[in-house]
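As structure tokens, the structure follows; a few thoughts come after it.
As the structure is a prediction and not an experimental result, all values here were calculated from the model. Within every chain, numbering begins at 1; the chains are lettered A, B, ... in the order of the sequence lines, protein sequences first and strands thereafter.
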Amino acid sequence: MYALVDINGAFVAMEMVFRPADRNKPAVVLSNGDGCIIAANKIAKQLNGFAMYAPAFQLEDVLNKNNVLRFSPNFELYVDMSRRFIKELSFFTDKVEVYSIDEAFLDLDIKNIDFTDYGQLIKRTILKNLDLSVGIGIAPTKALCKVASKIAKKFTERTNNVYVIDSEEKRVKALKWLPIGDVWGIGSGFAKKLLQLNIKNAYQFTQLTDSWVLKNMTVVGLRLKHELEGKSCLQLETIKEPKKAIGTEKAFGKLIADYELIKEATSSYVEYCAGKLRRQNSVASAIVVLLETNSFSTSDEQYYNRTVVSLPIASNNTTYLVKNAVDGLNRIFKNGLRYKRVGISLIGLYPDNSIQGNLFVNHNPKHSNLQKVIDQLNLKYEQDTIRLATSGLNKQLWESKAMLRSPRYTTRLNELLNISGDVLNR
DNA sequence: TCTGGGGTCCTAGGACCC
DNA sequence: TCTGGGGTCCTAGGACCC
């Protein structure tokens, strides 16, 4: 049996850990630039006229009228809380798959336990130690865990946040209950297609033939069907594989025409991603650079372009990667346009201990010691203590603002929670 | 005025190899 | 008359996830 443990309303819940006085208020977390609503607590979701993922400015009235608390995204906090969440889970089994920032699959291959009791124990532990509430679905396959977890969350009064699918009867009942569009792995595209065929729930989906599913939904769809039938096809991936791509693309705070500022942003993104690249001991063999105007504008000239810069020698050296990314930017940059976003992605990643040489390029590793020292300083003090001059000093001119970001309570010494001031006075 | 960001996997088709 | 067979690698596009 597997378990899926999932933090309820994760981002808002993580904010509320440090704001106990605000727990009964509606609250949302917004996307970069305070654009869209990406997370909300139950109270906010139940408000009249509320819509998840809507642009915040469209819901201005609803948010103001109900005094909804708004937060800029604070991923540094969420990532750290997530790390603590996984640590708690690892006390229950050493087979943990970190599935996302707020979810993990566990292998419950443990003899003589009552799964419901065990789930409740996990739930109580996370609540006690982290002040976060979770939902837990337990079943013989991962896809069925997802189904069980939905039931656990939907019918909290009956399930107390833990639901186990451990019989054929429960499986069929659960699948008949689950609308096709809510099935893990069925997105809006396939949901639409299946509804046209009068497939309305997960159970009906499992009644299709294997060959139809294979032909129309590839092997991915077929695996899902088997999983829902109770035949496990998706293994627990407990070993964290290195990423195959590391990228960043973000909207600017305002539209930007100035090449120098866009170059700064590009350099700064590469610097950030190259750090992640080195931390997973990889090198990149190519860089994607993309540039985009504001697609929502009806008056501005529209432009979208991307290019792939192949590197003669794979590398994880910031200076070298930045230089090549800027070459890419130069290829696609057009004067006279107002840009909304630049993005870079390091691709073709492989381990840094097996770099393929190049007969025709003189590889000069003289920067690698410098790079190490910079990384050490940035680790010891703070991110960006030392950075490239090409990443510039004008961040405030292009970076989107995060006016509503809460303190990074658990990762910055100068943003620690002040108990008497921050909590008791609230 | 304001409209998210960061990933994975699969397939088809085109180019190439011997 | 008859025009192979078995591969790899890359890219674009489409699907999905949180």
Can you tell me if [X] touches the phosphate of [N], counting only side-chain N or O atoms and a distance under 4.0 Å to OP1 or OP2?
X	N	result
A/Arg223	B/dC10	yes
A/Thr248	B/dG6	yes
A/Lys340	B/dT3	yes

Given the side-chain rings of A/Tyr163 and A/Trp177, with only the six-membered ring counted for Trp, is the space between their centroids under 6.0 Å?
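Not close enough - the centres of the two rings lie 6.0 Å or further apart.
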Centroid separation A/Phe11 to A/Tyr78 less than 6.0 Å
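Between A/Tyr78 and A/Phe11, which both carry aromatic rings, the centre distance is below 6.0 Å.
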Taking for each residue the nucleotide of DNA chain B bearing the nearest heavy atom, is the 5' side occupied by A/Cys36 or by A/Lys244?
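Nearest-nucleotide comparison on DNA chain B picks A/Cys36.
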So which of residues 250-276 of chain A are in contact with DNA chain B, with a heavy-atom cut-off of under 4.0 Å?
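Output list: A/Lys250, A/Ala251, A/Lys276.
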Let's see if you get this right: which residues in residues 69-97 of chain A place a heavy atom under 4.0 Å from DNA chain B?
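Nucleic-acid contacts, sorted: none.
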Pairwise P distance for C/dC18 and B/dT3, with rounding to whole Å
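To the nearest whole Å, 25 Å.
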Identify the two heavy atoms, one from A/Lys334 and one from A/Tyr339, that lie closest to each other, and give their separation to 0.1 Å.
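In this case the closest contact between A/Lys334 and A/Tyr339 is O-OH, 2.7 Å.
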Reckon [X] touches a base, only the sugar-phosphate, or nothing at all at heavy-atom distances under 4.0 Å?
X	answer
A/Ser345	nothing
A/Asp102	sugar-phosphate
A/Tyr53	nothing
A/Ile246	sugar-phosphate

Under a 3.5 Å cut-off on both pairing distances, which runs of 3 or more consecutive Watson-Crick or G-U pairs involve DNA chain B?
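Looking at DNA chain B, the stems formed by three or more consecutive pairs are B:5-18 with C:5-18.
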Give the nucleotide from the list B/dT3, B/dC10, B/dG5 with an atom nearest to the side chain of A/Val220.
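Side chain of A/Val220 sits closest to B/dC10.
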Less than 4.5 Å apart, side chain to side chain, heavy atoms only: is that true for A/Leu349 and A/Gln280?
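They are in contact (side-chain heavy atoms under 4.5 Å apart), so the answer is yes.
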